[in-house]
Amino acid sequence: MTAPAWVKDAIFYQVFPDRFARGAANDGARLEPWDSPPTPGGFKGGNLAGVQEKLLYLQELGVNTLYLNPIFRSSANHRYHTQDYLDVDPLLGGRAAFARLLQAAHARGMRIVLDGVFNHVGRGFYHFNHIVENGPHSPWLDWFTVHSWPIAPFDGSRPANYECWQGRRDLPTLNHANPEVREYLMTVAEWWTREGIDGWRLDVPDAIGEPGFWEEFRERVKAINPDAYLVGELIESSPRWLDGTRFDGLTNYEFCAATIMFVAGDKLSSEHLAGSPWADLRKIDAVEYGRRLTRLAALHPRELQLVQLNFVENHDTPRLLTLAGKDVSTVELATLAMATFIGVPCVYYGGEVGLEGGMDPDSRRTFPPPSDWNTSLLEHHRDLFAARRACAPLRNGSFRLLHASGDVIAFSRDTADTSACVVLNASDRTVRPVIPIGSCFGISPEVRRLFGKGRADLHGEWEERNLAVVLPQRSGLVVEISR
């Protein structure tokens, strides 16, 4: 199986449309003040025109691919309650606004991946609403699974008497065994792929157990655009999903959890861990972190591992800065690991300027004004992504663990003629590790600093070669060594 080649060079940016940027006014819409705390049901008015206006900012950050949380017509600010898959929500500007954004992004050499939520819909979805209005007489009854009558979509005093996502009556589950439902969803995927999108992030794909569904989805999308990127949102990075018949990549939750445990350690906030997907996180040392990274790097063939989607926070988790008790060095170290480990990095909007927040809805605050930016953290991201673009091994190289001791880990990304060596110091003191790098370098290899603090000097000859590093507390270093 081969994945789309462009993904290896991608730097993703996740946009939660209602909270990122407000462009052209939503006439007549009653919106919450942009700078007020987010609420579960309130709308801030972020839209696709606002995203388009931010394209230059994103390019300067180093981003070349946008992953948009759902944009289809919906009754929820997060838009996972789909009402119409073939229409863009009017609050976001409708289809015309998306067409303009897609054209503007492509003109800049940027790509757009949409969030596909095909397991469940909202109560306002036409076929479900028809059942609500007509009961067992609706011709669309087989699009869902109703257990008893009368149906109770809004009466919280009664059990939800139809299949719905995690028991939530506002998220009716589609009946994927119905050929009409299946064909409808396939045509939705084909429609937007023909419109020019560059891929799909697929929500909870393991919740759709109908045999052959995702195989057919891949076949029909790839028939239109063989370079479309298909990434499944899964907690475990199981190889069975990447056997060549379904997805190109997976959301790398295991990398995220391991990285947070190593770089945040005892700075983790118990207040924000509770009730989050990270409730069981604990401090781990470099040996355990190295073990986990090595396992993840070996899970898939190299060409597939290069396109796994790495992140350190998203819309379903607390913001990392908040989770780490406002320790900025944790965000810096985690971002460095994300940008250099095998796979592609994905920034959750605002993380690059120090946006904070606890669990949903607090993790979905609006993008702050420049006066509230952490500019040093922004520069950290810009410089780091520039280093990634300038160094082929960081995008294409294999993974090799070089050193793991205490709170210091080192690994390399290797190609035939160059290695990028990455060193992370998660301790509160300056460290001086001597890192064996092996015998695969020539007589006079060159060492070039790409990013970070401290210094690294090459010592020894041939198989005895080592990299002597001096690295300040809570910092990282990336050097390139030519063979």
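The pair Arg182-Glu216 counts as a salt bridge, with a side-chain nitrogen and a carboxylate oxygen less than 4.0 angstrom apart. Using a 4.0 Å cut-off between a side-chain N of Lys or Arg and a carboxylate O of Asp or Glu, Arg365 and Asp35 do not qualify as a salt bridge. A salt bridge links Arg400 and Asp414; the closest N-O separation between the charged side-chain nitrogens and carboxylate oxygens is under 4.0 Å. A salt bridge between Lys54 and Glu60 is absent, with no side-chain N of the basic residue lying under 4.0 Å from a carboxylate O of the acidic one.
Arg413 places a side-chain N or O within donor-acceptor distance of the main-chain N or O of Gly397, the cut-off being under 3.5 Å. A donor-acceptor contact shorter than 3.5 Å links the side chain of Asn47 to the backbone of Gly50. Thr82 places no side-chain N or O within 3.5 Å of a backbone atom of Val121 that could act as its donor or acceptor partner. Under the 3.5 Å distance criterion, the side-chain polar atoms of Trp241 are left unmatched by any main-chain donor or acceptor of Ser237. Between the side chain of Gln59 and the backbone N or O of Arg108, at least one donor-acceptor pair lies under 3.5 Å. Of the possible polar contacts, one joining the Gln308 side chain to the Leu250 backbone as a donor-acceptor pair under 3.5 Å is found. Remark: the backbone N or O of Trp34 is paired with a side-chain donor or acceptor of Thr366 at under 3.5 angstrom. Judged by distance alone, with hydrogens and angles left aside, the side-chain atoms of His380 form a donor-acceptor pair with the main-chain N or O of Glu332 at under 3.5 Å. No donor-acceptor pair under 3.5 Å is formed between the side chain of Asp89 and the backbone N or O of Ile71. In terms of modelled atom types and a separation under 3.5 Å, the side chain of Glu313 and the main chain of Leu320 share a donor-acceptor contact.
Looking at Ser138 and His130, their side chains do bring a donor and an acceptor atom within 3.5 Å of each other. Under 3.5 Å, the side chains of Asn396 and Thr415 contain no donor-acceptor pair of N or O atoms. Side-chain contact of Tyr13 with Glu352: a donor-acceptor pair under 3.5 Å is present, judged by distance alone. With hydrogens and angles left out, the side-chain atoms of Asn178 and Asp142 include no donor and acceptor closer than 3.5 Å. Side chain to side chain, Asn119 and His176 fail the donor-acceptor criterion of an N or O pair below 3.5 Å. Side-chain atoms of Ser36 and Lys44 include a donor-acceptor pair closer than 3.5 Å.
The minimum heavy-atom distance linking Asn77 with Pro40 is given by the pair ND2-O, 2.9 Å. Leu273 and Trp278 get closest at one heavy-atom pair: CD2-O, 3.1 Å. Across all their heavy atoms, Asp155 and Arg158 have their closest contact at OD2-CD, 3.0 Å. Here the shortest heavy-atom pairing between Gly122 and Pro172 reads C-CD, 3.9 Å. Across every non-hydrogen atom of Pro205 and Gly232, the tightest pair is CG-CA, 4.1 Å. Between Leu306 and Val344, the shortest heavy-atom contact is O-CG1, 3.6 Å.
Using a 4.5 Å cut-off on side-chain heavy atoms (C-beta onward), Phe98 and Ile197 make contact. Taking the side chain as every heavy atom from C-beta outward, Leu66 and Val113 never approach each other to under 4.5 Å. Contact check for Leu230 versus Val221: side-chain heavy atoms found under the 4.5 Å cut-off. With contacts defined as side-chain heavy-atom distances shorter than 4.5 Å, the pair Leu293/Leu401 does not qualify. Arg364 places a side-chain heavy atom less than 4.5 Å from the side chain of Asp360.
Partner of Trp192 under the ring-ring contact (aromatic ring centres under 6.0 Å, His included) criterion, out of Tyr85, Phe72, Phe118: Phe72 alone. None of Arg295, Arg292, Arg291 except one satisfies the salt bridge (charged side-chain N to carboxylate O under 4.0 Å, His left out) rule with Glu254; the exception is Arg295. Exactly one residue among Phe255, Tyr348, Tyr253, Phe12 makes a ring-ring contact (aromatic ring centres under 6.0 Å, His included) with Phe311. That residue is Tyr253.
Taken from CZ in Arg218 to CH2 in Trp200, the straight-line distance is 15.5 Å, to the nearest 0.5 Å. The line from CG of Asn252 to CE of Met338 is 11.5 Å long, rounded to the nearest 0.5 Å. Atom CZ of Phe16 is separated from atom CZ of Arg79 by 8.0 Å, given to the nearest 0.5 angstrom. A distance of 12.0 Å separates OG1 of Thr317 from NE2 of His272, quoted to the nearest 0.5 Å. The distance from atom CG of Asp285 to atom CZ of Phe262, rounded to the nearest 0.5 Å, is 8.0 Å. The CD1 atom of Ile409 lies 10.0 Å from the CD atom of Glu288; values are rounded to the nearest 0.5 Å.
Under the 30°/60° scheme for interplanar angles, the aromatic rings of Tyr126 and Trp140 are found to stand perpendicular. Trp143 and His127 have parallel rings, their planes meeting at less than 30° on a 0 to 90° scale where 60° marks the start of perpendicular. By the 30° and 60° cut-offs, the orientation of the rings of His78 relative to His81 is tilted. Between Phe144 and Phe128, the ring planes lie perpendicular to each other; the angle is over 60°, past the 30° to 60° tilted range.
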Practice task
Apply side chain to side chain contact (heavy atoms under 4.5 Å, CB included) to the pair His120 and Leu174, showing each step before the final yes or no.
Solution key: CA-CA 6 Å; His120 48 266; Leu174 289 161; over 6 Å; no
Exercise for the section: Decide yes or no on salt bridge (charged side-chain N to carboxylate O under 4.0 Å, His left out) for Asp243 and Arg240, but give the supporting numbers first. Expected result: CA-CA 6 Å; Asp243 63 357; Arg240 71 186 180 91; over 6 Å; no
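Screening residues 65-76 for side chain to side chain donor-acceptor pair (under 3.5 Å), with sequence neighbours left out, gives Gln14-Asn69, Tyr67-Asn69, Tyr67-Asp115, Tyr67-Arg201, Asn69-Tyr80, Asn69-Asp115, Arg73-Asp87.
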